[in-house]
K.L.:
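One structure is given below, represented as structure tokens, and several questions about it will come after.
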Amino acid sequence: MEFDLSKPQKLLQKSARDVFARECPAKRVRELMATDTALDAKLWSTVADQGWLGIHLDESHGGLGLGTVDLAVVAEEMGRACFPGPFLGTVWAATLLSAAGGKSKFLEPLTTGAAKGAVALLEADGSWNPDHVQLKATAAGGGYKLTGRKAFVSDANVADTIVCVARGADGLVLLAVSAKDPGVKITPTSALDQTRKLADVTFEGVSVAADGVIATGEAARKALDHSLQVATLVTAADMLGGMQWILADSVEYAKTRQQFGKVIGSFQAVQHMCADMLLWTESSRSAIYYAAWALGAEPASAASAIANAKVYVSDASREVANRGVQVHGGIGFTWEHDLQLYYKRSKASEILFGDATYHREQVAALAFDA
Amino acid sequence: MEFDLSKPQKLLQKSARDVFARECPAKRVRELMATDTALDAKLWSTVADQGWLGIHLDESHGGLGLGTVDLAVVAEEMGRACFPGPFLGTVWAATLLSAAGGKSKFLEPLTTGAAKGAVALLEADGSWNPDHVQLKATAAGGGYKLTGRKAFVSDANVADTIVCVARGADGLVLLAVSAKDPGVKITPTSALDQTRKLADVTFEGVSVAADGVIATGEAARKALDHSLQVATLVTAADMLGGMQWILADSVEYAKTRQQFGKVIGSFQAVQHMCADMLLWTESSRSAIYYAAWALGAEPASAASAIANAKVYVSDASREVANRGVQVHGGIGFTWEHDLQLYYKRSKASEILFGDATYHREQVAALAFDA
Amino acid sequence: MDLGLTPSEQKFRDELRTWLKANLPPKTSHSVKNAASAAAYHAYLKDWQRKLYDGGYAGINWPKEFGGRGATFIEQAIFQEELALADAPERMGTIGQGLVGPTIITVGTEEQKKRYLPGILSGDEVWCQGFSEPNAGSDLASLETKAVLEGDEFIVNGQKIWTSYAHIADLCMLVVRTDTSAAKHKGLTCLLVDMKTPGITVRPLKMMSGDAGFNEMFFSNVRVPASCVLGAVNEGWHVAITALSNERANLGTGLYVMFKRNLEAVLVQAREMKRHGKPAIEDPVLRQKLAQAHVDLEVFRLNTTRALSQLNKTGIPGPEGSIQKLYWSELNQRNAQIAMEVLGPYAQLTEFDSGRWIYNYLRCRGNTIEAGTSEVQRNIIAQRVLGLPRSY
Amino acid sequence: MDLGLTPSEQKFRDELRTWLKANLPPKTSHSVKNAASAAAYHAYLKDWQRKLYDGGYAGINWPKEFGGRGATFIEQAIFQEELALADAPERMGTIGQGLVGPTIITVGTEEQKKRYLPGILSGDEVWCQGFSEPNAGSDLASLETKAVLEGDEFIVNGQKIWTSYAHIADLCMLVVRTDTSAAKHKGLTCLLVDMKTPGITVRPLKMMSGDAGFNEMFFSNVRVPASCVLGAVNEGWHVAITALSNERANLGTGLYVMFKRNLEAVLVQAREMKRHGKPAIEDPVLRQKLAQAHVDLEVFRLNTTRALSQLNKTGIPGPEGSIQKLYWSELNQRNAQIAMEVLGPYAQLTEFDSGRWIYNYLRCRGNTIEAGTSEVQRNIIAQRVLGLPRSY
């Protein structure tokens, strides 16, 4: 038994950390988040060139053929760097297309970086539960017609391909459309986390041809569920990277900031806050690494491992961010301190794919009702 | 506006504190709790002689004619002394009989101390909600026949009079029986808090004559609800006294106990625990005193004030007790230290009349559904 | 114990209500968030303060001899509550009326009283408070801004931070170090400084929410007449503490109404938002959280009322103010989190409900830091209320 | 990363399972709670330890040269987990095998190894550990029990507390003060003491639950041969720290199974108990709490596994043990509270479910105190893991 990153995974970690340290310092993050897209073409092609957009996907699907642990390693480093841009949406869409069989023409451009992606799931009720999807897909010719509104769609504002989760006559339907298709209207929404943008997507009688039909019924649900697990993992690992940054930064600050003639890190109250931050961060790491491993190696445990991780990390990440501000005092509360970037991204991630309360109910269903 | 005890109430407080300090020190509490009854006849008659068993009841009902604030003052001092015996059951029964009109022959002996009382409400499902009462009362002659089992009945083991909350053809029925009536079987149950005993009460076709019928239907429910509010107040005030004892004892210990060459009270972690204990204790005091006042002076707010108080105090009292043990370290965890008496009584009171979760739902119903 | 209002308290409240009905200005569309309309907004607030003054509602707890109303602490609380209930505009004069004025009354000279008190009451002169520095936050006694006496003027050099209103203030109550050789607390002096004095630069300080709630102030060879010392030279620590306990005596009555309104707004959302296909307010899990928010808020109201009642008897704001501060700051953070949970994904939208939820969530992080961190408050409670020995 | 067992780990587990199936003794009705049957219970436990020894399962992580099995930390964890899963009797030899033995192996003389190790492995000699004193709990270095050398014997006087097994132990690993003039940590010595030596009195110490889980030990002119010093004279602090980090290396694998069983028992109750007229397990509010208990427990398992995997590589138990201790002690308290909430009024009955819930609720309060309070653990994490400066 070996509960640690393998040597290649550690090299990957170092390489990702170096790339982001070099090409995505906080200054660059701030410039990018002030733009409409948060997208840096050069940075994006670096990520694409590394193969990270399909790192966990089969080579036959245009991926690197590594696993979900490797994906988590990259996502953690993105979180540590507050990496801006449409990684989440693109990886989610690619994973979904791959899980649905990998035959779609939309898949490869996503993994090569030629296209950006997004998955449109949420609707006005803000529910992450696919059972609540209502947007209608009406069979038309060999394809479908789509009408309705999706909300809170990560990265839709720069997506070339949008996979819409809709309700057909026989259950869920996954339909890939081009952002430029007639009737697709994308409206950016301004939100807390400016490093990863959200948008509303409206479908006004959009025609989806047969080659846009990714999956229907049971197969659609299965692919969607798997992709949700992977996307949740990416989010949780991103949160872990953020927690790690906040912890390190807070400890560093506590070692140098003086009040009452002593560094504040010598006060028990500050020490205990930092100790709790470490406990939450390391416990999150255990939960996330395990979920990443289970997702690849033990599919039967994957749903439960992911739900467990999102419960734990959603609360832990928020508390670490809160303690981080408290350790810093006033300066941690300012726009100029980089803590704010992580604070907001952490909060957005807490909401993404459902908060702790949502996932506790998933845990209960899996663990108690079986 | 004056949010403080009046001068007579402060005198009452001092007088109660002195009585218990003199006649009910911890040593005596330990002796009494080791008995089956936790009852000290002399102590009981002291309490009765002071009029405290009916302190808040009309003089026409055998009471002292003071108010619920005065009752809370006495209950708080009982909590501070860990006063053993059937005060709660007796006052609850008396309040119920008084609220139902005060005409019952069973009432006066309870307020004079000639009889001890208990109210049998809970059944096997352990629910404090009177809607869940199922024990059957069948009309027979001018009275009723009672069959069924009640559980967790405070002070039933020494009660002379037991008021049974039963379900008749037209809703709730309140029936007073003598513990010696044929068919009444009282089985003591051993529980955490040995200072206030619990018992099961079984009614095996017990005949209740017309003069035992206290109230039925709406009137029964109204009287029961009011009595539950008063009994909850007594419990909450008792908890407040306990918190105050634990806080004072812990602060005292923190001032003298040395570790690492310093009194532990100079460590920030211990200071902050004590500060939180004070915050919870004083906030509980605000909530309880207000509820005590509202119960007398502003009946429309009483239900909500009591529910608020029981929510807050249930959690606060547990946390104060937990921190109390933590501040004391190993010694606080021993049988020989008096902290254990308060720790257990606090936990029993948390459960009594419903825990914080139960009362939060009451608060929600009153505040959000109106 | 009587939680009802006395006849005179009731009379005060009724008169105030009547007055508010007649005098409350219409809502303004101006706000500080928009630089273009900020000036108009400040003029609006000045008008409002003037109106309060004319109505006899400025400095209501100041002694009558200094132009105040001589109101009790409870009347003061009623005043704040009624203003909040009426959704009245914010009072730009709070620092002057709550903090500077009472301190001048206590330790100021006759000349200072004559010079400054009327402007505070009328709202013609807005004050700010120059205490905190980058290296002196929780540890106020470490402040480094220096003042050196040259002839009959102090020459001030240094930097202050977290100064509300500095960008519009006419005057500043400034604490500076005048004796660098004395022990930390002993070399401080309090100066009353005209903000138009050459050498003062004010720079807005953006909070993480992106709003500019505070300022930095830079002092470069700023000349302050020696007659502007408040209290005695090198007695500034004592003066600052007096000012801060006057501030604490406030006890958060106005805050309660603000928090209560927030909760009510959350409840409105909880009735509209869906959870598991039903109104969120019917979701048992959210109900528990909302009920706890309700209880915590109610306990805050009761704590405040009880402390006020106490203060009304003793007249001296004590360390109990720390209990209130600790309680409300952590309560507001808990309740902001509950609001976010109720709102789900909507919580994060800057345009949703005018962005109030995000603003509230981010702003409340400062609550446990500003005006004494929660850690400092717990120290104060442990040491000054419970009598535990100093921990450092 | 591979969380599956390696073939050799799997082989170890399978052999152990087979062995357990064949050798697990039947349940006993004896217990320590009943003084009359306590002796029989101890004999039963000794038999069990002997059986483990004969089967090659005593001191499994000890080096082979000292009679151990030379198992990895992961195999050790598998061992504990399997024993727990099989509901095997408790091992009376844990202090000897987990704490004393490894320390003797590290710092003991050849004679000491020969004299003591076999008895520890076979279970013939039960050990207890004399570290804590009434005035030296968290602050172990303050201990006051004195030993004075007279000829070739130390004369020991003083008192120890919180000593598990003292009433049945044959031997005691005792830390005493041998140099009162040296700095606190520097004057301590570790002695291996025969519990039958005249002058030792053992008194059971009742916990708040009413059970006697610990003892007090009194030493009155107890004569201990100088050959019984473990390590060097005045090096006892170092020896004690070695012993404690061996104990911490345990990391709580066995605890996980125990906590998991508790949660499963709560779930059984939650299916039977009613809440709002339905099974409590269907109550959304309780489900949230039970799910959180489940998550916390799972994270504990994963933390433990990860730490073990780390330990397996480095071989050196580090301050990370403090993280595990902090985590499980507070988790167990939270989950005990959740159990009480599920059980409602039944929670408090000493006869309900054999009184296990009350016992568990009261017993777990000690978790954040024993073997280093949570406050001390947080200090250790802050200072030794995060590198913050000492706070006192």
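Reminder, nothing fancy here: chain letters follow the sequence lines and each chain counts from 1.
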K.L.:
Provide the closest heavy-atom pair for C/P345 versus A/L122 in the form atom of the first, atom of the second, distance.
P.N.:
CG-CD2, 3.7 Å

K.L.:
Most heavy-atom pairs under 4.5 angstrom with chain A, which of C/M207, C/R378, C/K274?
P.N.:
C/M207

K.L.:
Tell me, for A/A269 versus chain C, whether the close heavy atoms (under 4.5 Å) come from the side chain, the backbone, both or neither.
P.N.:
side chain

K.L.:
For a side chain to side chain contact (heavy atoms under 4.5 Å, CB included) check, start with the C-alpha distance between C/I369 and A/V325, then their side-chain angles and the critical distance, and finish with the verdict.
P.N.:
CA-CA 9 Å; C/I369 297 168; A/V325 175; 3.9 Å; yes

K.L.:
Examine whether an atom of A/A124 lies under 4.5 Å from a heavy atom of chain C, and if so say whether it belongs to the side chain, the backbone or both; otherwise answer neither.
P.N.:
both

K.L.:
Most heavy-atom pairs under 4.5 angstrom with chain A, which of C/S374, C/S142, C/G366, C/G277?
P.N.:
C/G366

K.L.:
Considering only heavy atoms and a distance below 4.5 Å, find which of C/E341, C/Q337, C/M273 pairs most often with chain A.
P.N.:
C/Q337

K.L.:
Under 4.5 Å between any side-chain heavy atoms of C/Q333 and A/N322, yes or no?
P.N.:
no

K.L.:
Below 4.5 Å, heavy-atom pairs only: which of C/L362, C/I161, C/L286, C/L205 has the largest tally toward chain A?
P.N.:
C/L362

K.L.:
Quick check: do A/T334 and C/W162 have side-chain heavy atoms less than 4.5 Å from each other?
P.N.:
yes

K.L.:
Below 4.5 Å, heavy atoms only, C-beta onward: do A/T189 and C/E351 meet side chain to side chain?
P.N.:
no

K.L.:
Side chain, backbone, both or neither: which part of C/A212 has a heavy atom under 4.5 Å from chain A?
P.N.:
neither

K.L.:
Could you measure the distance from the CD atom of C/E370 to the CZ atom of A/F333? Nearest 0.5 Å is fine.
P.N.:
6.5 Å

K.L.:
Roughly how far, to the nearest 0.5 Å, is CZ of C/R275 from OH of A/Y358?
P.N.:
11.0 Å

K.L.:
So which part of A/I331 gets closer than 4.5 Å to some heavy atom of chain C, the side chain, the backbone, both or neither?
P.N.:
backbone

K.L.:
Does any backbone or side-chain atom of A/S190 lie under 4.5 Å from a heavy atom of chain C? Answer side chain, backbone, both or neither.
P.N.:
both

K.L.:
Quick one: which of A/D193, A/L198, A/L352 gives a side chain to side chain contact (heavy atoms under 4.5 Å, CB included) with C/Q348?
P.N.:
A/L198

K.L.:
At a heavy-atom distance under 4.5 Å, which candidate from A/H328, A/Q259, A/Q340 has the highest pair count against chain C?
P.N.:
A/Q259

K.L.:
Between atom CD of C/E375 and atom CE of A/M273, what is the distance when rounded to the nearest 0.5 Å?
P.N.:
4.0 Å

K.L.:
Look up atom CG in A/D355 and atom CE in C/M340, then write down how far apart they are to the nearest 0.5 Å.
P.N.:
11.0 Å

K.L.:
How long is the straight-line distance from CZ of A/F260 back to CG of C/N379, given to the nearest 0.5 Å?
P.N.:
7.5 Å

K.L.:
To the nearest 0.5 angstrom, please state how far the CG atom of C/N135 sits from the CD atom of A/Q258.
P.N.:
9.0 Å

K.L.:
Heavy-atom distance under 4.5 Å to chain C: side chain of A/L339, backbone, both or neither?
P.N.:
neither

K.L.:
Between C/V285 and A/R360, is any pair of side-chain heavy atoms under 4.5 Å apart?
P.N.:
no

K.L.:
Closest heavy-atom contact between A/I351 and C/A347?
P.N.:
CD1-CB, 4.3 Å

K.L.:
Side chain from CB out, backbone as N, CA, C, O: work out which of these in C/F214 comes under 4.5 Å of a heavy atom of chain A, or both, or neither.
P.N.:
side chain

K.L.:
Answer yes or no: does atom CG of A/D369 have more than 12 heavy-atom neighbours from other residues, nucleotides or ligands under 6.0 Å?
P.N.:
yes

K.L.:
Please look at C/L343 and chain A and tell me whether the side chain, the backbone, both or neither of the residue comes under 4.5 angstrom of a heavy atom of that chain.
P.N.:
neither

K.L.:
Sort A/L192 into side chain, backbone, both or neither according to what part of it lies under 4.5 angstrom from a heavy atom of chain C.
P.N.:
both

K.L.:
For each of C/K206, C/H276, C/R363, tally heavy-atom pairs with chain A at distances under 4.5 Å, and name the one with the top tally.
P.N.:
C/K206

K.L.:
Are more than 12 heavy atoms, taken from residues, nucleotides or ligands other than C/K184, located less than 6.0 Å from that residue's NZ atom?
P.N.:
yes

K.L.:
If every non-hydrogen atom of A/Y343 is compared with every non-hydrogen atom of C/M208, which pair is closest and at what distance?
P.N.:
CD2-SD, 3.9 Å

K.L.:
Inspect the surroundings of NE2 in A/H132 and state if more than 12 heavy atoms from other residues, nucleotides or ligands are less than 6.0 Å away.
P.N.:
yes

